[in-house]
Amino acid sequence: MTTPRRPDLVLVLTDQHRADVSAREGFPLDTTPFLDELGRSGAWFDRAYTTSPLCCPARTSLMTGRFPSAHRVTQNPAHPLAIRDADLFGEARAAGYATAMIGKNHTYLDASSVDHWVEFMHDGQVTAPSKALHKEFDTWLAALRHRTHEEPTPFPVEVQNPHRIVDEALAWAATVPEDRPFLLTVSIPEPHNPYQVPEPYFSLFPKESLPPTRTGADVLEGKSFPWQYLRGLGERAVADYEGAIAPSRANYFGMLRLIDDELRRLLAGLETRHRVRERVVVATADHGDFVGEYGLVRKGAEIPDILARVPLVVSGDAVRPSGAPRPEHVSLADLMPTLCEAMGRELPDGVQGRSLWPLLTGGPCPAEEFSSVYVEQGMGGLPYGPEDVADQMPGLIFDGPGGEPRWDELNAATQSGRRRKVRSGDWTLYADIVGDFRLYNLREDPLELVDRWSDPAAADERVRLLSLLAVWQMRAEDPLPTVPGGYRLKRDPRNHLAPYRHSEEKGPSS
């Protein structure tokens, strides 16, 4: 591999940011004009997927290049227990980069992992902020208990998490000498609930004029137990759950625009440094949000495309503009090896993701390598069902200490079992541990309402995607530990598999 010049790396990560609610994807509201502009001038992928549609598994995959079944963080409470060797920050430090994590962490990382650390969560700054107004806002934010505020947030934009995080990022970047490259991670906890946003963003997308959702709660009758449980949980926690969906959506879209403006401010603030140093900017998210579809908000049920697919835009001096969306199927697990190659580092043992660097820079790359992508979900065991909830089993019904309903969509009922998803072209396959298989054509049926598994006309696609699932499950098996002095693993320098696959005559292509 040719070693590139060592660019600054700016990784912007949002939380619960659905990929399709942007003008670049045809959504009627212009929620992210700057990100759309960045995508047109760089590369954007409309077939980018999380490794798992919840925070800690996805974020651990991004940092390690490993799938949840390998790093073993398959539920949020397991985040300190990640099994891994090298990670993105460790490789950056080994390459001489200055490193900073500013914003939401929610992984095994801690302040010792980087040179500079400022942590925020959904209730504001984790360490007590120094400004009185910041403290007041954080207290107010926590009091929302992850619900929806149906009026404009009674605090200015300057106290919102995204604004404060960008302030911290720019202040740190100004301390790094221009002759030293940096890896700056700007991790914004929004647009994750609580759904709130101040003016002028609150009034940008009034709830009365929002585009309607394409589905409602009526489709839940045909869905599995976790979907129905989610709706029931919301109805227990919120007196008028259905009525809260529209203001939740309005706040969500307004927060996207606020984040977009902060991204613009971040890159503008780094422009002086950019005049003397090349850079790579990656903007993505850990997973999506229902945002009212299926009569639901937040996340939690299975692996629908609107939770599994994430925005991904890459911009930089070495990145060839694509204009239109890239056709490749890519994963959050691919970002760590991609940034390693951008830094001139070899991919460490245990990394499972594939480097996208040749795709981004115009280098040679087999097209079939990125013709499919794979997602995991579920913490193991048997799936819970209605009979378990009826018995009020501990760990399923989450009430607060005073008996008040807690609204925790990530619970034993929604996260039990194992589920897998493969996307290739217009088709996606769903499989779970008890043998429930479903097949959907996403071009015709983007919300996955018409199961084609038993459709004779889809038989070829069923076989093709089952073959892909088998290969992906083997790719996702953990190659660690490697044994010093033991057998030497044969590895592709970019973790590409396609050059070594059997020919078309011998089996399905990946």
Side-chain angles (χ1 to χ4, degrees), residues 12-18 50 53-60 62 75-77 79-80 101-107 109-110 117-129 133-150 153-155 157-169 185-198 201-202 230 233-234 237-238 244 247-256 258-259 262 284-291 296-300 307 310 398 400 404-411 414-415:
V12 179
L13 180 64
T14 48
D15 193 341
Q16 213 160 288
H17 181 170
R18 207 171 107 186
T50 185
L54 63 160
C55 299
C56 295
R59 290 164 179 266
T60 303
L62 192 157
Q75 54 179 302
N76 280 353
H79 71 269
M101 165 67 88
I102 300 173
K104 178 177 174 177
N105 169 32
H106 221 184
T107 72
L109 296 167
D110 59 33
W117 177 277
V118 183
E119 189 173 357
F120 285 73
M121 276 294 282
H122 303 298
D123 294 339
Q125 194 166 340
V126 173
T127 53
L133 190 60
H134 291 176
K135 292 180 182 178
E136 186 181 347
F137 171 73
D138 291 357
T139 300
W140 177 87
L141 198 59
L144 288 180
R145 296 170 57 232
H146 283 260
R147 269 58 167 187
T148 298
H149 190 63
E150 299 195 17
T153 299
F155 292 87
V157 170
E158 290 73 21
V159 303
Q160 287 282 338
N161 285 335
H163 190 94
R164 288 156 60 183
I165 289 168
V166 168
D167 279 351
E168 295 279 358
T185 296
V186 178
S187 183
I188 295 173
E190 287 79 17
H192 188 290
N193 42 283
Y195 303 115
Q196 56 81 36
V197 74
Y201 300 97
F202 182 86
L230 272 184
L233 195 64
V238 178
S248 299
R249 296 178 74 218
N251 280 339
Y252 184 93
F253 299 140
M255 182 55 73
L256 285 180
L258 186 156
I259 292 168
E262 292 302 323
T284 190
D286 52 4
H287 55 78
D289 186 306
F290 287 116
V291 198
L296 298 170
V297 293
R298 306 190 185 185
K299 56 187 177 295
L307 297 186
V310 293
F398 287 90
E404 75 279 5
R406 283 181 57 197
W407 187 2
D408 186 356
E409 69 274 21
L410 301 177
N411 51 64
T414 63
Q415 302 305 300

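- For the pair Q160 and E262, the minimum side-chain heavy-atom distance is 4.5 Å or more.
- Side-chain contact between I165 and P189 is present, with at least one heavy-atom pair separated by less than 4.5 Å.
- Ionic pairing of K299 and D286 is not present here: no N-O contact between side-chain nitrogen and carboxylate oxygen is shorter than 4.0 angstrom.
- Between atom CZ of residue R145 and atom CG of residue N193 there is a gap of 12.5 Å, rounded to the nearest 0.5 Å.
- Considering every non-hydrogen atom in both E409 and L230, the closest pair reads CB-CD2, 3.5 Å.
- Under the ring-ring contact (aromatic ring centres under 6.0 Å, His included) criterion, F253 pairs with F27, sequence neighbours left out.
- The CD atom of E150 sits 8.0 Å away from the CZ atom of F202 when rounded to the nearest 0.5 Å.
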Working for side-chain contact (heavy atoms from CB on, under 4.5 Å), residues R59 and H79: CA-CA 9 Å; R59 290 164 179 266; H79 71 269; over 6 Å; no
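- A distance of 6.5 Å separates CZ of F137 from OG1 of T153, quoted to the nearest 0.5 Å.
- D110 contributes atom CG, which lies 9.5 Å from atom CD of E119 (distance to the nearest 0.5 angstrom).
- Separation of atoms CG (N411) and CG (L233) is listed at 6.0 Å; rounding is to 0.5 Å.
- Side chains of V297 and W407 form a contact here, defined as non-hydrogen atoms less than 4.5 Å apart.
- For R18 against Y252, the heavy-atom pair with the smallest separation is N-OH, 2.9 Å.
- Between the side chain of S187 and the backbone N or O of G103, no donor-acceptor pair lies under 3.5 Å.
- For the residue pair L54 and Q75, the shortest heavy atom distance occurs at CD1-CA, 4.3 Å.
- At distances below 3.5 Å, at least one donor-acceptor pair connects side-chain atoms of Q415 with backbone N or O atoms of G300.
- Here the shortest heavy-atom pairing between I102 and A169 reads CD1-CA, 3.4 Å.
- Put simply, the side chain of M255 reaches to within 4.5 Å of the side chain of I259, judged on heavy atoms.
- The backbone N or O of T284 sits less than 3.5 Å from a side-chain atom of T14, completing a donor-acceptor pair.
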Side chain to side chain donor-acceptor pair (under 3.5 Å) assessment of E158 paired with H163: CA-CA 6 Å; E158 290 73 21; H163 190 94; 5.0 Å; no
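- P194 is linked by a side-chain contact (heavy atoms from CB on, under 4.5 Å) to H122, L141, L144, H146, counting only residues two or more places apart in sequence or in another chain.
- Looking only at distances, no side-chain donor or acceptor of D15 sits under 3.5 Å from a matching main-chain atom of H192.
- For the side-chain contact (heavy atoms from CB on, under 4.5 Å) with L13, the lone residue among I188, V186, L62 that qualifies is L62.
- Across all their heavy atoms, N76 and C55 have their closest contact at OD1-N, 3.7 Å.
- In terms of modelled atom types and a separation under 3.5 Å, the side chain of D289 and the main chain of R298 share a donor-acceptor contact.
- In this structure, CD in E190 is found 10.0 Å from CZ in F120, a value given to the nearest 0.5 Å.
- Across L258 and P198, no two heavy atoms sit closer than the pair CD1-CD, 3.9 Å.
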